[in-house]
Amino acid sequence: MIMSDVSALKFGAYCDNNKNRKQLEAYNQAWEDFDAQNYFQGVENILFYLKDENEGNLQIISNENGSLSFEMYQGSAKLTGSFDGNRFYASAVITKLEKASSIVMRKLLDRNQGLLFSRIALKTDKTLSAIMSYTVQMLKPDVIYYGLRELLLLADELDDFLILNFGNAVSEADSSLKLQIPEQEIDLKYKYAQKWITETLQYLNTFNRPDLANYNVYILLTLVTRISYLCAPKSFLEEKLIEISSSYWINSQDGTQPQSTLMSQMIQKIHEIQNIPEQEFKACLYRTRDSFHKGNVMNFKSIKESLDWGIDMIKYLQNNNFHSHALYLTEYTFGCLLFDYNTLNIINKIYHLEMMLIHEDFFQELDIISPELIDNNGVFKKDFVESYIKEVVDKHKELSPDPIVFDYSSIDYTNKLTFCMSLCTSTSKMLSIYE
């Protein structure tokens with residue numbers, strides 16, 4: 001077992017859609033502050049809204065001259081900002097050009113055209129930075145929020161993109177922003193990522209059947225969301241997982257490739273991940289401080305619709321005795337929400353309960369769960385499940401304008417599949433108040 005500090009363990013992408021009531025009130029107050037021209041107070045309220053004490057993502061300094069300075073973090077990017085009462089300014093270093101490259105500059109110009117609040121600038125010392133600058137007359141709370149979000153996500157993504165595609169033309173990213181994790185944890189995550197890839201590809205070979213062709217793609221997508229959540233990789237490995245998922249959804253919209261061709265391409269990309277040299281793979285397993293999620297917020301109604309879509313597929317597979325496929329789909333039904341969207345923590349935590357059961361061997365080696373929590377049917381014991389969900393619901397109550405009711409009696413403890421399926425249906429039922 002890995003005796004890590006469990007509180008320091010992180011899973012999946014950072015979610016910023018979990019502001020407490022005081023932060024929500026501060027955001028609303030910021031609008032009133034700006035209307036009353038109390039600009040310093042308005043900026044402070046927005047920064048308070050963005051601050052996450054657990055992440056340590058934001059530092060604010062009140063200067064002697066009355067101005068504000070601050071730092072924010074997003075992955076491999078650090079933003080420095082200031083407000084002096086007349087101008088709001090923020091910048092983040094992306095990289096430094098080691099040599100002139102017309103291809104790099106053309107890519108950056110193309111990227112600049114799609115930005116709404118910030119811009120990419122090349123300084124005289126060949127440093128590339130993302131910058132936003134607004135006079136107080138142009139400033140509003142949403143401009144600050146979306147501007148900082150765009151700037152930080154841009155800087156975090158671009159440094160990795162440029163290194164991956166133009167490595168000899170740009171400098172390496174600032175490694176000081178990487179928070180190292182215990183070597184034992186890295187070894188375990190690498191071991192299990194390789195194990196999951198091998199098992200999934202073998203599984204697909206066994207079930208390479210025409211009647212499952214439309215469902216097999218979700219087995220691969222489950223693997224992607226699993227590695228993303230349980231291993232929380234960064235850098236180019238994270239981007240490769242996103243690329244695999246995106247390739248499916250792009251094709252599902254335009255239908256340019258047959259399903260069999262798409263599957264072959266996705267499997268090839270999975271093999272590429274499997275064949276990444278061990279040290280390069282492990283080098284992507286580190287933590288960062290984050291301020292934003294890359295995905296958009298999904299409201300409760302849309303979450304319920306997505307869950308119901310997954311539940312329908314699971315029921316079909318169950319009814320046709322494809323139980324192992326159905327178990328994969330129970331994992332993906334929650335996992336796709338966390339992978340693609342900035343989903344509320346209550347969904348994250350229910351998914352985490354499911355993952356601890358499906359991958360109990362992984363969590364036991366991390367020393368997070370004990371075998372004593374599992375009953376003779378291979379399912380979590382009822383007392384543990386109910387206390388876990390109750391704690392999750394209680395923590396989320398202050399974020400919801402309506403009462404949250406979870407039907408504990410609908411959880412089916414017969415086996416892993418029925419348990420995970422009932423988690424999906426019970427969560428969908430819980431969200432029905434928002435329809």
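Residue numbers start at 1 and run along the sequence shown.
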**Report entry** Identified side-chain contact (heavy atoms from CB on, under 4.5 Å) partner of Ile94 from the options Leu122, Thr127, Ile120
**Finding:** Ile120
Query - Residue that, paired with Phe384, satisfies side-chain contact (heavy atoms from CB on, under 4.5 Å) out of Asp375, Ile374, Leu353 - result: Leu353
Requested in this report: Would you mind reporting whether Tyr248 and Val224 have side-chain heavy atoms less than 4.5 Å apart?
Outcome: no
**Report entry** Ring center gap for Phe11 and Phe363 short of 6.0 angstrom
**Finding:** yes
Report summary line: So CG of Leu68 and CD1 of Ile61: to nearest 0.5 Å the spacing works out to 10.0 Å
**Report entry** Leu148 versus Ala90, closest heavy-atom pair with distance
**Finding:** CD2-CB, 3.9 Å
Report task. Check whether any side-chain N or O of Asp412 sits under 3.5 Å from a backbone N or O of Thr414 as a donor-acceptor pair, and report yes or no. Result -> yes
Query - Backbone N/O of Ser91 and side chain of Ser129: donor-acceptor pair under 3.5 Å - result: no
Query raised in the report: Are the side chain of Ser133 and the backbone N or O of Tyr89 linked by a donor-acceptor pair below 3.5 Å?
Result: no
Requested in this report: Walk me through it: do Tyr27 and Asp142 pass the test side chain to side chain contact (heavy atoms under 4.5 Å, CB included)?
Outcome: CA-CA 9 Å; Tyr27 183 82; Asp142 56 347; 4.1 Å; yes
Query raised in the report: Under a 4.5 Å cut-off applied to non-hydrogen side-chain atoms, are Cys15 and Asn345 in contact?
Result: no
Query - Polar side-chain atom of Asn38 near backbone of Gln41 as donor-acceptor pair, under 3.5 Å - result: no
Query raised in the report: Taking the six-membered ring for Trp, are the ring centroids of Tyr229 and Phe339 within less than 6.0 Å of each other?
Result: no
Query raised in the report: If only atom types and distance count, is the side chain of Ser67 paired as donor or acceptor with the main-chain N or O of Asn63 below 3.5 Å?
Result: no
Query raised in the report: Are any of the side-chain nitrogens in Lys390 or Asp394 under 4.0 Å away from the carboxylate oxygens of its partner?
Result: yes
Query raised in the report: Would Glu55 and Lys10 satisfy salt bridge (charged side-chain N to carboxylate O under 4.0 Å, His left out), going step by step from the backbone distance to the final call?
Result: CA-CA 11 Å; Glu55 275 301 285; Lys10 289 187 179 182; 2.6 Å; yes
Report task. Verify the ring-centre separation between Tyr134 and Phe83: is it less than 6.0 angstrom? Result -> no
Report summary line: Separation between OG1 (Thr343) and CE (Met298), nearest 0.5 Å, reads 6.5 Å
Query - Shortest non-hydrogen contact between Cys420 and Thr330, atoms and distance - result: CB-OG1, 3.6 Å
Query raised in the report: Rounded to the nearest 0.5 Å, how far apart are CG of Leu307 and CG of Asp312?
Result: 11.0 Å
Query raised in the report: Any side-chain heavy-atom pair from Asp52 and Leu58 closer than 4.5 angstrom?
Result: no
Query raised in the report: Between Glu71 (side chain) and Gln59 (backbone), is there a donor-acceptor pair under 3.5 Å?
Result: no
Query raised in the report: Shortest non-hydrogen contact from Tyr388 to His352?
Result: OH-CB, 3.7 Å
Query raised in the report: Side chain of Gln274, backbone of Ile197: donor and acceptor closer than 3.5 Å?
Result: no
Query raised in the report: In Å, rounded to the nearest 0.5 Å, how long is the span from CG of Leu223 to OG1 of Thr225?
Result: 8.0 Å
Report task. Apply side chain to side chain contact (heavy atoms under 4.5 Å, CB included) to the pair Tyr351 and Ile347, showing each step before the final yes or no. Result -> CA-CA 6 Å; Tyr351 171 64; Ile347 305 300; 5.5 Å; no
Query raised in the report: With Tyr328, which of Tyr218, Tyr203, Trp196 fulfils ring pair (Phe, Tyr, Trp, His ring centres under 6.0 Å)?
Result: Tyr203
Requested in this report: Output yes when a side-chain donor or acceptor of Asp156 lies under 3.5 Å from a complementary backbone atom of Leu152, and no otherwise.
Outcome: no
Query raised in the report: If you take all heavy atoms of Ala30 and Asn45, which pair is closest and at what distance?
Result: CB-CB, 4.0 Å
**Report entry** Straight-line distance of Arg226 CZ to Thr200 OG1, nearest 0.5 Å
**Finding:** 5.0 Å
Requested in this report: Kindly indicate whether a cation-pi arrangement holds for Lys282 with Tyr190, taking the cut-offs as under 6.0 Å to the six-membered ring centre and within 45° of the axis.
Outcome: yes
Requested in this report: Identify the heavy atoms of Asn17 and Asn342 that sit nearest to each other, and give their distance.
Outcome: ND2-O, 3.1 Å
Requested in this report: Output yes when a side-chain donor or acceptor of His293 lies under 3.5 Å from a complementary backbone atom of Tyr341, and no otherwise.
Outcome: yes
Query - From CA spacing to verdict: side chain to side chain donor-acceptor pair (under 3.5 Å), Tyr14, Asn57 - result: CA-CA 11 Å; Tyr14 173 71; Asn57 70 316; 5.1 Å; no
Requested in this report: Would you check, one step at a time, whether the test salt bridge (charged side-chain N to carboxylate O under 4.0 Å, His left out) holds for Lys191 with Glu365?
Outcome: CA-CA 11 Å; Lys191 180 182 80 171; Glu365 286 202 54; 3.1 Å; yes
Report task. Flag the pair Leu221 / Met266 as yes when at least one side-chain heavy-atom distance between them is below 4.5 Å, and no otherwise. Result -> yes
Query - Backbone N/O of Leu241 and side chain of Ser245: donor-acceptor pair under 3.5 Å - result: no
Query raised in the report: Any chance the rings of Tyr332 and His325 have centres within less than 6.0 Å?
Result: no
Query raised in the report: NZ of Lys349: more than 12 outside heavy atoms within 6.0 angstrom?
Result: no
Requested in this report: Decide yes or no for Met421 and Thr418: does some side-chain heavy atom of the first lie under 4.5 Å from some side-chain heavy atom of the second?
Outcome: no
Query - Approximate separation, where rounding is to 0.5 Å, of Arg289 CZ and Asn54 CG - result: 13.5 Å
**Report entry** Lys429 and Ser410: side chain donor to acceptor below 3.5 Å
**Finding:** no
Requested in this report: Tell me whether the centres of the aromatic rings in Phe292 and Tyr145 are closer together than 6.0 Å.
Outcome: yes
Requested in this report: Taking the side chain as every heavy atom from C-beta outward, state whether Met430 and Ile346 have any pair of such atoms under 4.5 Å apart.
Outcome: yes
Query raised in the report: Partners of Asp110 by side chain to side chain donor-acceptor pair (under 3.5 Å), sequence neighbours excluded?
Result: none
Requested in this report: Inspect the contact between Arg21 and Glu25 and indicate whether a charged nitrogen and a carboxylate oxygen are less than 4.0 angstrom apart.
Outcome: no
Requested in this report: Give a yes or no on whether the ring-centroid distance for Phe70 and Phe48 is below 6.0 angstrom.
Outcome: no
Report summary line: Between Thr427 and the options Asp407, Ile389, Ile350, the side-chain contact (heavy atoms from CB on, under 4.5 Å) test singles out Ile350
Query - Sidechain N-carboxylate O distance under 4.0 Å for Glu331, Lys416 - result: no
Requested in this report: For the residue pair Leu220 and Ile244, establish whether any side-chain heavy-atom pair is separated by less than 4.5 Å.
Outcome: no
Query raised in the report: Are any non-hydrogen side-chain atoms of Phe34 and Pro141 less than 4.5 angstrom apart?
Result: yes
Query raised in the report: What are the two closest heavy atoms between Lys189 and Leu230, and how far apart are they?
Result: CE-O, 3.5 Å
Requested in this report: Would you sort out whether Asp361 and Lys195 count as a salt bridge (charged side-chain N to carboxylate O under 4.0 Å, His left out), showing the intermediate values?
Outcome: CA-CA 12 Å; Asp361 53 347; Lys195 172 178 179 286; 3.5 Å; yes
